[in-house]
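Note that the structure is predicted; figures quoted are calculated from it, not measured.
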Amino acid sequence: MGQAASSSSSSSTFARRDNSNHHQLLLFASKSKSSQIRTHNSLPQAEPGPDYTFALPDECLACIFQSLGPLDRKRCSLVCRRWLRVDGQSRHRLSLQAPADLLPIIPSLFTRFDSVAKLSLKCDRRSVSVGDEALVLISIRCPNLTRLKLRACRELTNAGMAAFAKNCKGLKKLSCGSCTFGAQGINAVLDNCSSLQELSVKRLRSVSEGAAAETIRPGLAASSLKTICLKELYNGHCFGPLIIESKNLTTLKIFKCTGDWDKLLEKIAHTVTGLVEVHAERIQFSDAALEAVSGCPELEILRLIKTPECTNLGLKVVAERCKLLRKLHIDGWKANRIGDEGLIAVAKHCPKLQELVLIGVNPTNSSLEPLALNCVNLERLALCSSDTVGDAEISCIAAKCTALKKLCIKSCPVSDQSMEALAKGCPNLVKVKVKKCRAITHEGADLLMASRESLAVNLDAGDPVPQDPSSSDGVQDVVEFPHMHNQVQLPNITSRSAGRSSLFKARIALLSRKNLMACTLRRWSSFSHSPRQR
């Protein structure tokens, strides 16, 4: 009993001591915190130093801003009012989302950015775009506009384009796609913008109204136009009068446009003789058109993409007359109408060739050897979906194409023997891309890569997608060279069987996940109800 009383009294004593110690610790902490606050407040405050950027003229500050990235430039515009003003006055390029809600803020927006020369207006297809009022207001605020890009601005009409053209007569480049204004709007730009140099039109709905559609007149811009690009127009030949009268035209690109382009090119053979680049893709384009193009002795770039009516005869005529050819792209669509005969003519008459892309074409050593020997400047070569390009052909290229720097091989019957040949030849080779060549192994690629330190090898030897007999390779063959900016890449189109198989695999994976989850839950349940073992 006495021991219990003594133990209770000692415990109460220890408790009082602990409480007193805790109180002293709190008091010490509060005193030290207050002393720190007094010490901090007693320190002298540093006076702000001078702003040395005031010594920089606005022009120098603008040059600094122009060397920054978009995010850093936005941050700099928030530093002070002067930087905000200089940033706005030095911005010459602006890209805006253009829904209808943009209209109320256009005055304030272009009061800040009053020096914009390149403007891009894009709208989501599900949204209502800006209309004529917004475009006219922009043209008033930006009279020095030189480039305009319109995407899916479906509320713009011919009247709005006409008013815009009258206010921005210095326009040099117009690119419009998925808009609803028609030939009258394009004609208004051509009649008022005498300095127009580039015109790009894609999926312009009102221009695709059958044979009775209004034609595109040359206007004042015909003498200054240098580039015309037409894409996916059902009535593209209505641009014929403009193309014929554009005597200074240097670049002509036509993608998936209906119309008889053979007759049109025959008409321009005597008026437009300064073409430097021609791109024809999935249009009516035969040897007659190639003969008309051959009348341009300064032609340097020729791309024939899925034009099965072109044959060796037409390519020979172009090679004989266009000896300055530097880039040649041919997608033969496995029609076997362009082969060794045409390529031998290119090797014989075009010694300045630097880039050659062959898709769905079957060359042999008969043409590859003269190409390697005569085209001493050939630096970039792509061979895709060819049944005749094997180890012997690659060995010929490796041994005789000494200037080659970049090589792409896709869906060709080659093996590791080709990699060994490339490792011994092509001393200037810096990049090799191999795709869908199942006979090439990683060991062969490693051997090629180990042959020289500066060589980059990209190997993708996966199983090919099920092929459509009507296409070159089941999917669109795309060859990418980093320095090229005008290459057009079409979306990959797989067959329905591939889609069904992928859907079936996804369902199997989902069912397997459900079965695994159910099995796991059953195991947990049985484990929780089982007696614990000691």
Evaluate the side chain to side chain donor-acceptor pair (under 3.5 Å) criterion for residues Ser90 and Arg73: first the C-alpha distance (whole Å), next the side-chain angles of each, then the deciding distance (0.1 Å), finally the verdict. CA-CA 11 Å; Ser90 60; Arg73 187 160 183 171; 2.7 Å; yes
Chi angles and distances behind the side-chain contact (heavy atoms from CB on, under 4.5 Å) call for Asn458, Val432: CA-CA 6 Å; Asn458 186 355; Val432 177; over 6 Å; no
Does the side-chain contact (heavy atoms from CB on, under 4.5 Å) test come out yes or no for Leu290 and Phe285, once each step is laid out? CA-CA 8 Å; Leu290 284 177; Phe285 197 93; 3.6 Å; yes
Using the side-chain contact (heavy atoms from CB on, under 4.5 Å) rule, take Leu358 and Val389 through it: C-alpha gap first, then chi angles, then the decisive distance, then the call. CA-CA 11 Å; Leu358 300 177; Val389 176; over 6 Å; no
Show your reasoning for whether side-chain contact (heavy atoms from CB on, under 4.5 Å) applies to Cys408 and Leu383. CA-CA 6 Å; Cys408 177; Leu383 302 171; over 6 Å; no
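With respect to Glu277 and Arg303, a salt bridge is recorded, a charged nitrogen being found less than 4.0 Å from a carboxylate O. In summary, Glu369 and Lys400 engage in a salt bridge, as defined by a charged side-chain N under 4.0 Å from a carboxylate O.
The closest donor-acceptor contact from the side chain of Thr146 to the backbone of Ala117 lies under 3.5 Å. Looking only at distances, no side-chain donor or acceptor of Ser115 sits under 3.5 Å from a matching main-chain atom of Arg91. The closest donor-acceptor contact from the side chain of Thr311 to the backbone of Arg337 lies at 3.5 Å or more, if one exists at all. Under a 3.5 Å cut-off, the side chain of Asn312 and the backbone N or O of Gly339 do form a donor-acceptor pair. Not one N or O on the side chain of Thr307 forms a donor-acceptor pair closer than 3.5 Å with the backbone of Leu304. Within the 3.5 Å criterion, the main-chain N or O of Ile216 finds no donor-acceptor partner in the side chain of Asn187.
For Asn336, the side-chain hydrogen bond (donor to acceptor under 3.5 Å, both in side chains) partners at least two apart in sequence or on another chain are Asn362. Take Ile244 and apply the side-chain contact (heavy atoms from CB on, under 4.5 Å) test, not counting sequence neighbours, and it matches Leu264, Lys267, Ile268, Thr271. By the side-chain hydrogen bond (donor to acceptor under 3.5 Å, both in side chains) test, Ser367 is found to be paired with Asp340, residues two or more places apart in sequence or in another chain being considered. For the salt bridge (Lys or Arg N to Asp or Glu O under 4.0 Å) test, residues two or more places apart in sequence or in another chain that qualify with Asp191 are Arg217. Residues forming a salt bridge (Lys or Arg N to Asp or Glu O under 4.0 Å) with Glu291 (at least two apart in sequence, or on another chain): none. When the side-chain contact (heavy atoms from CB on, under 4.5 Å) test is applied to Cys401, the partners found at least two apart in sequence or on another chain are Ala372, Leu378, Ile397, Leu404. With sequence neighbours excluded, the residues forming a side-chain contact (heavy atoms from CB on, under 4.5 Å) with Ala398 are Ala421, Leu422, Cys426, listed by chain and number. For Cys168, the side-chain contact (heavy atoms from CB on, under 4.5 Å) partners are Ser139, Leu145, Phe164, not counting sequence neighbours.
Applying side chain to side chain contact (heavy atoms under 4.5 Å, CB included) to Val201 and the options Cys257, Cys179, Cys176, Cys229 leaves one that passes, Cys176. Evaluated for a side chain to side chain contact (heavy atoms under 4.5 Å, CB included) with Ile138, the options Leu119, Val130, Asn167 yield exactly one hit, Leu119.
Residue pairs meeting the side chain to side chain donor-acceptor pair (under 3.5 Å) criterion with at least one partner in residues 151-160, sequence neighbours excluded, are Asp132-Thr157, Arg151-Ser175. Applying the salt bridge (Lys or Arg N to Asp or Glu O under 4.0 Å) test to every pair with at least one member in residues 160-186, sequence neighbours left out, gives these pairs: Lys173-Glu198. Applying the salt bridge (Lys or Arg N to Asp or Glu O under 4.0 Å) test to residues at least two apart or on different chains, the pairs with a partner in residues 311-325 are Lys316-Glu341. Among pairs with a residue in residues 112-124, those fulfilling salt bridge (Lys or Arg N to Asp or Glu O under 4.0 Å) read Asp87-Arg112, at least two apart in sequence or across chains.
Here the straight-line distance linking atom CD of Glu281 with atom CZ of Phe255 works out to 5.5 Å at 0.5 Å rounding. Taken from CG in Leu148 to SG in Cys142, the straight-line distance is 10.0 Å, to the nearest 0.5 Å. Interatomic distance, CH2 of Trp333 versus CD1 of Ile338, reported as 13.5 Å (0.5 Å rounding). For the atom pair Lys327 NZ and Lys352 NZ, the distance stands at 15.0 Å (nearest 0.5 Å). In this structure, CG on Leu371 lies 8.5 Å from CD1 on Ile344, to the nearest 0.5 angstrom. The OG atom of Ser286 sits 3.0 Å away from the CG atom of Asp262 when rounded to the nearest 0.5 Å.
The closest side-chain heavy-atom distance from Leu325 to His349 is not below 4.5 Å. By the 4.5 Å heavy-atom criterion applied to side chains, Leu315 and Ile330 are counted as neighbours. Using a 4.5 Å heavy-atom cutoff, the side chains of Ile301 and Val278 are not in contact. Counting heavy atoms from C-beta on, the side chains of Lys334 and Ser385 come closer than 4.5 Å. Side-chain contact between Val276 and Leu299 is absent, with no heavy-atom pair separated by less than 4.5 Å. At least one side-chain heavy atom of Leu252 sits less than 4.5 Å from a side-chain heavy atom of Leu265. Here the side chains of Leu190 and Leu242 are in contact, with some heavy-atom distance below 4.5 Å. Between Leu407 and Lys431 there is no side-chain heavy-atom pair separated by less than 4.5 Å.
Within a 6.0 Å radius of CD in Gln66, other residues, nucleotides and ligands contribute more than 12 heavy atoms.
If you check the side chains of His237 and Asn235, you find a donor sitting under 3.5 Å from an acceptor. For the residue pair Ser120 and Arg147, no side-chain donor N or O sits within less than 3.5 Å of a side-chain acceptor on the partner.
Of all non-hydrogen atoms in Pro218 and Pro241, the two that sit nearest each other are CG-O, 3.7 Å. The two residues Ile186 and Phe181 have their closest heavy-atom pair at CD1-CE1, 3.9 Å. The shortest non-hydrogen separation linking Asn428 to Thr402 is ND2-O, 2.9 Å. What you find for Gly390 and Ser418 is that their closest heavy atoms are O-OG, 4.2 Å. Closest of all the heavy-atom pairs between Cys322 and Cys296 is SG-O, 3.3 Å. Of all heavy-atom pairs spanning Arg203 and Leu233, the tightest one is N-CD2, 3.8 Å.
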